> 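After the structure tokens below, expect a handful of questions from me.
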Amino acid sequence: MPTFRAPRGTRDLLPAERSAMLRLEAVAAALASRYGYRPIETPLFEQTAVFERGIGDATDIVEKELFRLAPRTDEGEAWALRPEPTAGIVRAYVQHGMQTLPQPVKLALIGPMFRYDRPQAGRYREFWQFDVEAIGDPGPAVDAEIIELADRFYREVGVADPEVLLNSIGDPVCRPAYVTELAAFYRAHADRLPPLERQRLERNPLRLLDSKEPAMVELNASAPVITEHLCDACAAHFEGLRAHLDALGIRYRLDSRLVRGLDYYIRTAFEVYPRDAAGQQSAIGGGGRYDGLVELLGGRPTPGIGFGLGLDRIVRVLEAQGAPTAPDPAAPVAVVVGADPAATAERLRVATILRGAGLAARSELAPRKLGKQLEAASRDHAHFAVIVGDELGNGQVQLRDLEAGTQKAVALDDLAREVARAHASHHHGTAPSP
RNA sequence: GUGGCCUUAGCUCAAUCGGUAGAGCACUGGAUUGUGGCUCCAGAGGUCACGGGUUCGAACCCCGUAGGCCACCCCA
């Protein structure tokens with residue numbers, strides 16, 4: 001066993017996985033930009049109160065999953081690593097007076113989140129999200145645009161058949177009456193509730209709705225449905241959203257049992273699952289509307305909506321679906337080799353010429369025999385080997401095509417141009433500009 | 001936070017009844033000194049997760065801890 005290992009619930013992103021993540025991040029950044037969402041980053045930690053007040057201190061995320069930092073005696077504040085990005089972004093919106101910008105303010109964040117969970121496959125204490133927020137627009141059209149953006153991201157990245165689950169969970173006008181009715185329903189069937197659910201009934205009856213306990217699934221089939229208890233404003237919003245989604249051709253499935261674990265959600269709530277979702281922690285994205293949050297964090301009453309997509313889980317899904325995740329970024333176009341151990345400086349110089357021309361080139365520096373060097377170059381999937389030897393005195397090197405098995409002498413002055421040309425003709429679209 | 005299963009080389013796994021550890025892959029080198037992915041040979045690589053206990057003797061049996069996986073909780 002190694003002396004040190006990555007902390008529980010974290011992991012090293014080795015080149016293959018890191019490359020896959022970078023590819024997702026690049027798609028995310030490009031997509032956000034195309035939709036008018038501007039990049040933002042906030043601190044990885046905030047005052048604990050930002051999360052307690054924003055997310056809600058009775059939620060699981062704050063109550064048991066918050067990654068609290070040990071306080072220091074010289075500064076009296078309590079800090080915690082961010083468990084989700086929205087609270088921090090809204091804090092920044094308020095702090096920087098973004099209500100004076102044209103509304104809505106559309107922001108995108110890509111980065112790690114932290115939750116002090118018990119780790120499991122697809123669930124980590126450090127995980128990455130692509131997050132998008134539109135702050136300052138109350139209408140259902142933004143909701144539709146956000147969901148369409150999420151849906152497009154999955155498709156561009158190669159997730160087969162993402163399934164969008166959609167619900168409206170009401171607002172402070174209509175939800176309290178519904179919750180009361182729901183609690184009454186469960187109390188009438190208290191004898192059928194598992195002990196754990198009986199406790200949750202007192203704290204947050206809504207949460208019983210998405211329980212996976214078999215007894216609850218059966219009971220929930222006859223529970224009151226929230227979308228039948230919406231006030232006029234919420235019902236109109238929900239109808240508007242669905243009409244927009246239909247117009248955009250976005251497919252979704254209504255799920256009246258979908259509730260979200262954060263207090264600030266209002267009206268629109270959605271989650272995304274891959275086809276053939278197996279485990280319970282298989283959601284690859286989710287979001288919703290949070291019209292009260294800006295005010296909670298000290299701003300003026302301002303509507304908002306956003307989503308967070310789990311990049312690690314999407315990588316997992318792509319691998320499970322057998323989709324290509326990312327090309328090997330380390331494969332060199334050319335490897336400079338040579339048998340003379342004393343000529344490493346010459347080989348370095350040749351590699352530098354190639355790199356200067358925009359080509360991915362590597363130079364063999366270890367003094368090993370030519371056969372081993374070529375073997376390594378082959379197994380690295382290099383396209384060419386540049387053999388530096390005695391001909392260098394005449395300004396020439398041997399250019400060997402490792403894929404074709406052909407070889408010819410090339411003047412050093414023509415090398416970069418020749419390699420770029422030959423590489424481009426064999427690998428369309430991947431050729432660097434000379 | 002609750003419950004269950006698991007942990008032997010970098011990776012995937014063996015090791016009979018308790019008798020102090022092996023293979024494949026990967027890695028490094030060699031096969032008459034400048035030509036590759038195959039093949040052959042060799043080498044290196046282990047506190048059997050960690051700590052304690054039982055025993056003449058523990059990878060193996062018992063207890064604890066850590067870590068991984070699965071389910072619940074909940075979410076990404």
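Naming: A, B, ... by sequence-line order, numbering from 1 per chain. On a predicted model such as this, the values are computed, not experimentally measured, just so you know.
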> Contact class for A:Gln398 (heavy atom, under 4.0 Å): base, sugar-phosphate, or nothing?
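Base contact - A:Gln398 has a heavy atom under 4.0 Å of at least one base atom.
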> Quick one: which of B:G34, B:U35, B:C72 gets closest to the side chain of A:Gln120?
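Ranking B:G34, B:U35, B:C72 by closest atom to the A:Gln120 side chain puts B:C72 first.
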> Where does RNA chain B pair, written as one dot-bracket string 5' to 3', with Watson-Crick or G-U pairs under 3.5 Å, ( ) inside the strand, [ ] for crossing pairs and | for another strand?
(((((((..((((.....[..)))).(((((.......))))).....(((((..]....))))))))))))....
> Please tell me which of the listed nucleotides, B:G34, B:G37, B:A76, lies nearest to the side chain of A:Gln129?
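Of the candidates, B:A76 comes closest.
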> Ignoring the backbone of A:Asp60, work out which of B:C73, B:A76, B:U35 is nearest its side chain.
B:C73
> So which protein nitrogen or oxygen atoms get under 3.5 Å of nucleotides 28-30 of chain B's nitrogens or oxygens?
unit_1 : atom_1 : unit_2   : atom_2 : d
B:G29  : OP2    : A:Arg368 : NH1    : 3.4

> Among the candidates B:U35, B:C73, B:A76, find the nucleotide nearest to the side-chain atoms of A:Lys64.
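Side chain of A:Lys64 sits closest to B:C73.
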> Would you call the rings of A:His229 and A:Tyr178 parallel, tilted or perpendicular if under 30° counts as parallel and over 60° as perpendicular?
tilted
> Identify each atom pair where a protein N or O and an N or O of nucleotides 3-6 of chain B are less than 3.5 Å apart, giving names and distance.
unit_1 : atom_1 : unit_2   : atom_2 : d
B:G3   : O6     : A:Arg118 : NH2    : 3.0

> In terms of side-chain heavy atoms of A:Arg400, which of B:A76, B:G34, B:U35 is nearest?
B:U35
> Please determine, for the side chain of A:Asp390, which listed nucleotide (B:U35, B:C72, B:G34) has the closest atom?
B:G34
> Which comes earlier along RNA chain B counting from the 5' end, the contact point of A:Pro7 or that of A:Ile284, where each point is its nearest nucleotide?
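Mapping each residue to its closest nucleotide by heavy atoms, the 5'-most match is A:Pro7.
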> With rounding to the closest Å, how many angstrom separate the C1' atoms on B:U8 and B:A15?
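Roughly 10 Å separates the two C1' atoms.
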> With respect to the side chain of A:Arg8, which nucleotide from B:C69, B:G67, B:A76 is positioned closest?
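The closest nucleotide is B:G67.
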> Nearest-Å distance, CG (A:Leu374) to P (B:G36)?
7 Å
